[in-house]
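Values below: every heavy atom of this structure, side chains too, minus hydrogens, waters and symmetry copies. Being a predicted model, the structure only gives us computed values, none of them experimental.
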There are 4 protein chains.
Amino acid sequence: MNDNIREPKQQRAIEKKEKIISAGFELICKNGYYNINTAQIAEHANVSTGIVYQYFNDKYDILIEGLKKYGNDIFFPMLKDNNIKFDKNNFDKFIKDIIKYYINSHKISNIAHEEIMSMVHSDKNVADFYYKRELEITTYLKDILINNGFKDNNLFEKSHIMLGLIDNLCHEITYHKHSKMNYDVMMDIIIETIKDLFKNDLD
Amino acid sequence: MNDNIREPKQQRAIEKKEKIISAGFELICKNGYYNINTAQIAEHANVSTGIVYQYFNDKYDILIEGLKKYGNDIFFPMLKDNNIKFDKNNFDKFIKDIIKYYINSHKISNIAHEEIMSMVHSDKNVADFYYKRELEITTYLKDILINNGFKDNNLFEKSHIMLGLIDNLCHEITYHKHSKMNYDVMMDIIIETIKDLFKNDLD
Amino acid sequence: MNDNIREPKQQRAIEKKEKIISAGFELICKNGYYNINTAQIAEHANVSTGIVYQYFNDKYDILIEGLKKYGNDIFFPMLKDNNIKFDKNNFDKFIKDIIKYYINSHKISNIAHEEIMSMVHSDKNVADFYYKRELEITTYLKDILINNGFKDNNLFEKSHIMLGLIDNLCHEITYHKHSKMNYDVMMDIIIETIKDLFKNDLD
Amino acid sequence: MNDNIREPKQQRAIEKKEKIISAGFELICKNGYYNINTAQIAEHANVSTGIVYQYFNDKYDILIEGLKKYGNDIFFPMLKDNNIKFDKNNFDKFIKDIIKYYINSHKISNIAHEEIMSMVHSDKNVADFYYKRELEITTYLKDILINNGFKDNNLFEKSHIMLGLIDNLCHEITYHKHSKMNYDVMMDIIIETIKDLFKNDLD
DNA sequence: TATGAATGAGTCTTCATTCAT
DNA sequence: AATGAATGAAGACTCATTCAT
């Protein structure tokens, strides 16, 4: 472990560090942490292998920093748009929009998603990151619902369940198309279930 | 790749092969596929390194065979008990029982669960295994419901959603105790939601 | 090194040893000494791996014994036919016959030839075997020539040169067909050269 | 197979690569390809094992590159001197010179010669190299003869035969001293035979 | 700062040979 | 005499990390 990690101050150096993170994270997401080596990361970042160890303790560090920097984009891109309003009589549409959002995000970074989920299940730090984000998004959803007039009746737990339902659905749709599941039906049921979930929380 | 895999004939040899599978799978589950080497597997199985390669193509093979042999026990132990009957007026209890079952199974093989889920997300063969089992358990649940008088109203999809809800809950409970989630409340909501899911399928 | 090599006395045992030699030598000739392992030899001989070491000191032994047993067939099959007579006025035909013999033998055991020649160049024992046989065949040719009325005017050396010329020709024809050499012309030249070689040795 | 072979740019690195080739080729020639391992090559080159695989795909690569670099020196050192003139009335001397050249070259790199010839007989790439060189030297000899006034009467084929005769002789002299062959006589016969070979090609 | 050359411990895998039965 | 299971040393190759410049 190198104790002399340099925090780059010069603009060029900062850019170089960013480059390593993005290049490294990209490769790791695409190929898996164990299938990519530091030489490849350096090459992909147009940087020498040596320099990597002046900005990072080790290979693992690159992963973690990449996660911090790009994790949100991959998993919770919606976190960017805040203060959403929806027509209470058209809660359906709001749910559908979220589902679309999720499916889209799954599709865009399909492989990255899987690679990181893999690490969520095997690496404590990645897991911590992921679960923290999960709480954030849950809170975010809860706030939206409250802002739109929902009663706070265990809204936090319900939001979590709602997101769980949606995530399962998206995963199902994105990855196991081959199964004998009817996805249109499934989506309708999910929407209905979510509405039931909140049935007593609208005036 | 060695294509001269020997299928052991002597009783002692058969036991030895089993031993390698169990020892290897155990170590992999406990420490992760990439953190265990063949020497460790051999040692843990009280066997020489050479013999490993007479029964298996490679390290990966051990994982897959271990999965075939012990995967069900870890993920779907309930698959053993068939033909369950429950009091239709007490659907609640049935749901709770399944949840308990799941939580228990998560707790028993906590780490194994996570390691394998990790590979579900990064290895095609492991994923195939897992999703196949998932379909089985879904079918199994659907059959139980039908046997207990439920109407087949997209019962397959609903079963899948139900299991998803339960799995999310268990995962939540087993792994992120630290969160500010109220699990008792959550369980109640889940049960209620599941009941709503099938509200039109009971006479 | 196992000092207890058993010399098989029972008929069945003798056959078994022969089988190992022939199977082993065949595989080695076809694939090369370093590309064949004892397990394959045993399997090809329909014998257990263990038994091999009761008849042979080691893998190398099999090669040497195979060479002793089958080497002649491969390199000097003509050694079998003795006492050849030819029409002195038709020395040409005799030469051509030998060439045909050689080419045929090269073609039949093409790969074996090469594999063994490879070892002639890298293993002392194989070399010894080969050069000993070479002397035999030279002597054999010399004797034929004498029997057919040639004067012994350095006939030994000349026979050796003659065989060398033929061997080079055959090798050329059998292995580098692709070159821009005209083989018909070459053969004629060779024959002429050989006749010149002995031009003063016929009355 | 590592496909990230680095082509060394720094002077020191270039020298190191050369060092690995020469050290590796030397050891392989002296001991045989199968009796030398990469660790030994690295050690002999005063280099770590790792670096070997940054410059070469594998052990085999070292052999081939060594061959390309030093093969000519070992087999056809005369290829260096071009445009040789000789006294047509003293063709004898020219032949003798070539023989001396060959014998000398055989003697100098005795073992290397044999090890490589071994591989010529067992490895396609080595064989290709060798036969290509053989054609070159044949052409080279043919050109010399033409330059010295020989008629081109199948001169290519005759050159090849001449070289074959010389090679056999040298091999005989260098390796089987033990035989009952009279080498002085043999050399005289060879010279006479070669002269006969070209008897109609001088005016 | 930056380069890319160098290190060497670690990994998988093979195989001649021996052992238990 | 025979089997085939078992051994373990040895080999090729990789890669995170450090070093010389």
Whole Å only: how far is the CD1 atom of C:Ile41 from the C1' atom of E:dT14?
15 Å
Here the salt bridge (Lys or Arg N to Asp or Glu O under 4.0 Å) pairs for residues 111-125 of chain B, sequence neighbours left out, are B:Lys124-B:Asp128
Under 4.0 Å from OP1 or OP2 of F:dA2: is there any side-chain N or O of C:Lys16 that close?
yes
Find out whether A:Val120 and B:His121 are in side-chain contact, i.e. whether some heavy atom of one side chain is under 4.5 Å from a heavy atom of the other.
no
Does A:Lys19 qualify as a cation-pi partner of A:Tyr55, given the criterion of NZ or CZ under 6.0 Å from the six-membered ring centre and within 45 degrees of its axis?
no
Under 4.0 Å, heavy atoms only, any strand: does D:Ile14 hit a base, just the sugar-phosphate, or nothing?
nothing
Could you tell me if the side chain of B:Met119 sits less than 4.5 Å from the side chain of B:Leu63, heavy atoms only?
yes
Measuring to OP1 and OP2 of E:dA2, would you say a side-chain N or O of A:Arg12 lies under 4.0 angstrom away?
yes
Rounded interatomic separation in angstrom, taking CG from C:Asn31 and P from E:dC15:
12 Å
All side chain to side chain donor-acceptor pair (under 3.5 Å) counterparts of D:Asn125, not counting sequence neighbours
D:Tyr60
Take A:Ile36 and D:Lys59, find for each the nucleotide of DNA chain F with the closest heavy atom, and name the residue whose nucleotide sits nearer the 5' end.
D:Lys59
When all nucleic acid strands are considered with a 4.0 Å heavy-atom cut-off, which category describes D:Tyr60: base, sugar-phosphate, or nothing?
nothing
Enumerate the residues from residues 43-51 of chain D whose closest heavy atom to DNA chain E is under 4.0 Å, giving them by residue number; use none for an empty result.
D:Val47, D:Ser48, D:Thr49, D:Gly50, D:Ile51
Given side chains that start at C-beta, do those of D:Gln54 and D:Ile51 come closer than 4.5 Å, heavy atoms only?
yes
Annotated structure of DNA chain E as dot-bracket, pair cut-off 3.5 Å, Watson-Crick or G-U only, | for inter-strand, is .||||||||||||||||||||
Any pair with a residue in residues 30-43 of chain A that passes salt bridge (Lys or Arg N to Asp or Glu O under 4.0 Å), sequence neighbours left out, goes on the list, sorted by first then second residue, please.
A:Glu26-A:Lys30
Note: for B:Ala39 and A:Val52 on DNA chain E, the residue whose nearest nucleotide lies more 5' is A:Val52
For A:Asn37 and A:Gln40, what are the C-alpha separation, side-chain angles and deciding distance, and is it a side-chain contact (heavy atoms from CB on, under 4.5 Å)?
CA-CA 5 Å; A:Asn37 62 43; A:Gln40 291 167 311; 3.3 Å; yes
If I pick the C1' atom on E:dT1 and the same atom on F:dT21, what distance separates them, to the nearest angstrom?
13 Å
Find the distance A:Gln54:CD to E:dT3:P and express it as a whole number of Å.
10 Å
In whole Å, I'd like the distance from the CG atom of A:Asp61 to the C1' atom of F:dT17.
14 Å
Can you give the donor-acceptor pairs under 3.5 Å from side chains of residues 64-71 of chain B to other protein atoms, not counting sequence neighbours?
residue: B:Lys69; atom: NZ; partner: B:Glu18; partner atom: OE1; Å: 3.2

Phosphate contact (E:dA2 OP1 or OP2) by A:Tyr55 side-chain N/O below 4.0 Å:
yes
Nearest-Å distance, OH (D:Tyr33) to P (F:dG11)?
13 Å
Quick one: A:Gln40 CD to E:dG4 C1', roughly how many Å, whole number?
16 Å
Closer than 4.0 Å, any side-chain N/O of D:Thr38 to the OP1 or OP2 of F:dG11?
no
Assess the residue pair B:Phe129 and B:Ile116 against the criterion (side-chain contact (heavy atoms from CB on, under 4.5 Å)); give the C-alpha distance rounded to whole Å, side-chain angles, the decisive distance to 0.1 Å, and a yes or no.
CA-CA 11 Å; B:Phe129 168 85; B:Ile116 293 173; 5.9 Å; no
May I ask you to verify if any side-chain N or O of D:Tyr53 is less than 4.0 angstrom from the OP1 or OP2 atom of F:dC13?
yes
What nucleotide among F:dT17, F:dG11, F:dA2 has an atom nearest to a side-chain atom of D:Asn37?
F:dG11
Between CG of B:Asn57 and C1' of E:dT13 the distance, given in whole Å, is 12 Å
Mind calculating the distance between OH (D:Tyr34) and C1' (E:dC15) to the nearest angstrom?
14 Å
